[in-house]
Amino acid sequence: MAGPTKEFWEERFASGNTPWDRGASSPQLALWLRAGLLKPCRILVPGCGSGYEVVDLALAGFEVTGLDYSDEAISRTHRNLEKAGVDATLVQADVLAWEPDRAFDAVYEQTCLCALYPDQWREYADRLHRWLAPGGKLFALFMQWLREGAAEGLIQGPPYHCDINAMRALFAEPRWAWGKPPYPRTEHPAGLAELAVVLARR
Ligand SMILES: C[S@@+](CC[C@H](N)C(=O)[O-])C[C@H]1O[C@@H](n2cnc3c(N)ncnc32)[C@H](O)[C@@H]1O
């Protein structure tokens, strides 16, 4: 199977080559919390990396599950939870193999989709749908990084560009309900940007 492996991510953490890592939660999380769009509930953070969002959601009173297959990501999240003095459930597993024993009210999806090779997106999107209870919400940050090679059909990443048309096809009506664009754009210190979209699972 093409695309990054667990070993790829372990090496990125070990070598400190983690440009996605802000050292803190995405500012979009605080905006969703302040706007009351994201309220304490049972929430999953797939591909949680260092776990800043896991910690901040736990601090805000959510029942959080952080999911990642990397040893280092799970250790970092564990350490960050300890430092903050809060609890969350941590699961070390492949997002393309794991199944929860109970559905979630919400999923916070930040740079897990764009970390997967596009051939795996359909499988992952189906799982996100299955993992959410009917009426549950997907809080998604869709990575915007269109590379030059795309003009010639090259698939370059990670992160893989999450084109809005591809996202509409992947999270299509009527399984998902979309709000009207334009969507807020979250800039990243590493020069990346994400589109913040809230989808309701039907
Ligand atoms: C680009 S990092 C993003 C981390 C975090 N979401 C953030 O924004 O800081 C991608 C994360 O997804 C994890 N990951 C990638 N593919 C995965 C898979 N198939 N199953 C579980 N975790 C995966 C990696 O180990 C890594 O921690």
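Just follow the structure's listing: the first ligand is 1, and inside any ligand the first atom is 1.
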Seminar exercise, completed: Looking only at protein heavy atoms, what sits closest to atom 9 (O) of ligand 1 is W20 CD1, 3.2 Å

Seminar exercise, completed: shortest atom 22 (N) of ligand 1-to-protein heavy-atom contact is with Y69 N, 3.3 Å

Exercise. Where's the contact between Y52 and ligand 1, heavy-atom distance under 4.0 Å: side chain, backbone, both or neither?
Worked result: neither

Seminar exercise, completed: ligand 1 atoms nearer than 4.0 angstrom to some heavy atom of A93 are 20 (N), 21 (C)

Problem set entry | Proximal ligand 1 atoms for S70, defined as those under 4.0 Å from one of its heavy atoms | 25 (O)

Exercise. Hey, would you say the W20 and H188 ring centroids sit under 6.0 Å apart?
Worked result: no

For this session: Measure W9 to ligand 1 on non-hydrogen atoms and call it side chain, backbone, both or neither using the 4.0 Å cut-off.
Result: side chain

For this session: Under 4.0 Å from a heavy atom of F13: give me the atoms of ligand 1 that qualify, with their elements.
Result: 27 (O)

For this session: Kindly compute the distance separating CG (L38) from CH2 (W32), expressed to the nearest 0.5 Å.
Result: 8.0 Å

For this session: Return the residue, atom name and 0.1 Å-rounded distance of the protein heavy atom closest to atom 26 (C) of ligand 1.
Result: D68 OD2, 3.5 Å

Problem set entry | Close N or O approach (G47, ligand 1; < 3.5 Å) | yes

Problem set entry | D71 bridged to K6 by N-O distance under 4.0 Å | yes

Exercise. Looking only at distance, does D21 have an N or O less than 3.5 Å from an N or O of ligand 1?
Worked result: no

For this session: Do me a favour and list the nearest non-hydrogen protein atom to atom 20 (N) of ligand 1 with residue, atom name and distance?
Result: V95 N, 2.9 Å

Exercise. Any N or O of E53 that comes nearer than 3.5 Å to an N or O of ligand 1?
Worked result: no

Problem set entry | For C48, the ligand 1 atoms whose distance to one of its heavy atoms is below 4.0 Å | 5 (C)

Exercise. If you measure every N/O of L67 against every N/O of ligand 1, is any gap under 3.5 Å?
Worked result: no

Problem set entry | ligand 1 contact on L116 by region, counting heavy-atom pairs under 4.0 Å | side chain

Exercise. Does ligand 1 have a heavy atom under 4.0 Å from the side chain of P46, from its backbone, from both, or from neither?
Worked result: neither

Exercise. Got a salt bridge between D126 and R122, using NZ or NE/NH1/NH2 to carboxylate O under 4.0 Å?
Worked result: yes

For this session: Below 4.0 angstrom from a heavy atom of Q110, which ligand 1 atoms are there? Numbered from 1 as shown, please.
Result: 6 (N), 7 (C), 8 (O)

Problem set entry | Non-hydrogen side-chain atoms of P100 and L44 separated by less than 4.5 Å | no

